[in-house]
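To start, the structure under review is shown below, and the notes come after it.
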Amino acid sequence: MDVLVLIGRILFVLLFLNSAIGHLTQTKAMAGYAQARGVPAATAATFGSGVLLLLGSLSVVLGVWADLGALLLFAFLLPTAVMMHAFWKEADGQARQMEMIQFFKDLSLAGACLMVLAFVAYVGDELGLVITGPLFDLG
């Protein structure tokens with residue numbers, strides 16, 4: 001089971017790691033998009049969210065307080081869904097549909113983050129193939 005959970009953790013964070021790299025290497029371009037969506041202090045928010053994504057991803061994949069890492073990813077996903085993918089504001093049908101897909105993708109991933117948090121915190125030191133045990137104790 002340890003190997004399956006490790007493979008799952010690796011696959012789970014690929015999207016977040018890729019996004020973190022984009023946020024940290026293309027901050028200016030991504031901040032322009034964020035600013036157009038009404039994000040205040042868009043450059044700082046873009047860089048900060050990149051750091052949040054990187055820390056959360058590495059925490060989950062390496063097993064260093066993976067429960068906290070899942071919580072960090074959750075903290076990124078919820079405001080991102082609402083601020084960046086506000087499909088209800090789109091007048092164009094195609095744009096509305098695309099934003100709706102992204103909105104619900106973010107909400108679904110946020111739910112998965114809560115499940116990872118609960119799983120890691122519940123299983124505790126029994127998880128295996130991790131560097132540290134969980135930060136939280138739900139067991």
Side-chain angles (χ1 to χ4, degrees):
M1 179 166 133
D2 293 350
V3 172
L4 287 177
V5 173
L6 176 61
I7 292 168
R9 292 189 345 242
I10 292 167
L11 294 175
F12 180 66
V13 302
L14 288 176
L15 175 72
F16 301 116
L17 278 174
N18 184 57
S19 191
I21 291 166
H23 279 72
L24 297 173
T25 62
Q26 301 170 28
T27 305
K28 193 171 189 169
M30 293 185 87
Y33 178 68
Q35 187 174 22
R37 292 303 217 169
V39 174
T43 301
T46 300
F47 183 79
S49 62
V51 171
L52 191 67
L53 285 163
L54 183 63
L55 292 175
S57 298
L58 291 176
S59 172
V60 170
V61 77
L62 296 174
V64 178
W65 290 339
D67 51 346
L68 176 62
L71 187 60
L72 294 176
L73 295 174
F74 175 82
F76 164 79
L77 287 162
L78 217 51
T80 299
V82 174
M83 295 180 78
M84 299 299 292
H85 304 298
F87 66 90
W88 53 90
K89 294 181 180 178
E90 296 293 336
D92 177 67
Q94 189 173 5
R96 181 185 204 76
Q97 183 66 32
M98 290 304 298
E99 292 303 332
M100 185 184 295
I101 290 168
Q102 295 301 317
F103 176 83
F104 283 108
K105 174 200 57 117
D106 283 358
L107 286 186
S108 296
L109 286 168
C113 286
L114 292 178
M115 287 190 290
V116 169
L117 184 156
F119 175 71
V120 171
Y122 180 77
V123 172
D125 294 328
E126 302 295 317
L127 185 59
L129 300 177
V130 294
I131 295 173
T132 70
L135 181 63
F136 307 111
D137 180 13
L138 300 179

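The residues of the chain are indexed from 1 along the displayed sequence.
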Subject >> Nearest non-hydrogen partners of Gly133 and Asp125, listed with the distance >> reply: CA-OD1, 3.2 Å
Original post:
Charged N to carboxylate O below 4.0 Å: is that the case for Glu99 and Lys105?
Top reply: no
Original post:
When rounded to the nearest 0.5 angstrom, what is the spacing between NE2 in His85 and CD in Gln102?
Top reply: 5.0 Å
Subject >> Heavy-atom closest contact (Val61 atom, Val13 atom, distance) >> reply: CB-CG2, 3.7 Å
**OP:** Locate the shortest heavy-atom distance separating Ala34 from Ala42; write the atom from each residue and the value.
**Re:** CB-CB, 4.1 Å
**OP:** Give, for atom OG of Ser49 and atom CG of Leu54, the distance between the pair rounded to the nearest 0.5 Å.
**Re:** 11.5 Å
Original post:
If only atom types and distance count, is the side chain of Ser19 paired as donor or acceptor with the main-chain N or O of Leu15 below 3.5 Å?
Top reply: no
**OP:** Using the side chain to side chain contact (heavy atoms under 4.5 Å, CB included) rule, take Leu109 and Phe16 through it: C-alpha gap first, then chi angles, then the decisive distance, then the call.
**Re:** CA-CA 10 Å; Leu109 286 168; Phe16 301 116; 4.3 Å; yes
Subject >> Where Ala70 and Val116 come nearest, the two heavy atoms and their spacing >> reply: CB-CG1, 3.8 Å
**OP:** With sequence neighbours excluded, tell me which residues meet ring pair (Phe, Tyr, Trp, His ring centres under 6.0 Å) with Phe103.
**Re:** Phe87, Trp88
Original post:
Under the 4.5 Å side-chain heavy-atom rule for ILVMFWY, direct or indirect, which residues accompany Met84?
Top reply: Tyr33, Val39, Met83
Original post:
Tell me, do Ser57 and Leu73 make a side-chain contact under 4.5 Å, heavy atoms counted?
Top reply: yes
Subject >> Cys113 side chain reached by Leu71 side chain, heavy atoms, under 4.5 Å >> reply: no
Original post:
More than 12 non-hydrogen atoms from neighbouring residues, nucleotides or ligands closer than 6.0 Å to CD on Gln35, yes or no?
Top reply: no
Original post:
Is there a donor-acceptor pair under 3.5 Å between the side chain of Asp67 and the backbone N or O of Leu135?
Top reply: yes
Original post:
Any chain of hydrophobic side-chain contacts (each under 4.5 Å) joining Val3 to Val123?
Top reply: yes
Original post:
Can you tell if the side chain of Phe119 reaches within under 4.5 Å of the side chain of Leu127, non-hydrogen atoms only?
Top reply: yes
Subject >> Cluster overlap Val130 with Leu11, hydrophobic side-chain contacts below 4.5 Å >> reply: yes
Original post:
Do Met98 and Phe104 sit in the same hydrophobic cluster, where Ile, Leu, Val, Met, Phe, Trp and Tyr count as joined when their side-chain heavy atoms come under 4.5 Å apart?
Top reply: no
Original post:
Okay, side chain of Asp2, backbone of Leu129: is any donor-acceptor separation there less than 3.5 Å?
Top reply: no
Original post:
Is Leu53 close to His23 at the side-chain level, that is, under 4.5 Å between some pair of heavy atoms?
Top reply: yes
**OP:** Verify side chain to side chain contact (heavy atoms under 4.5 Å, CB included) between Leu14 and Asn18, making sure each step is shown before the conclusion.
**Re:** CA-CA 6 Å; Leu14 288 176; Asn18 184 57; over 6 Å; no
Subject >> Exercise: identify the closest heavy-atom pair between Gly69 and Val60 >> reply: C-CG2, 3.7 Å
**OP:** Quick one: do Leu117 and Leu138 satisfy side chain to side chain contact (heavy atoms under 4.5 Å, CB included)? Show the steps, please.
**Re:** CA-CA 10 Å; Leu117 184 156; Leu138 300 179; 4.3 Å; yes
**OP:** Tell me, with the steps shown, if Leu107 and Leu78 meet side chain to side chain contact (heavy atoms under 4.5 Å, CB included).
**Re:** CA-CA 7 Å; Leu107 286 186; Leu78 217 51; 3.8 Å; yes
Original post:
Short question: side chain of Thr132, backbone of Trp65 - any donor-acceptor pair under 3.5 Å?
Top reply: yes
**OP:** Find the distance between CG (Leu58) and CD1 (Ile131) and round it off to the nearest 0.5 Å.
**Re:** 10.0 Å
Subject >> Expected output: side-chain Thr46 to main-chain Thr27 donor-acceptor under 3.5 Å >> reply: no
Original post:
Going only through I, L, V, M, F, W and Y residues with side-chain contacts under 4.5 Å, is there a path from Ile21 to Phe12?
Top reply: no
Subject >> Transitive ILVMFWY side-chain link Met30 to Val82, under 4.5 Å >> reply: no
Original post:
If you look at every heavy atom in Gly128 and Arg9, which pair is closest and at what distance?
Top reply: O-NH1, 4.0 Å
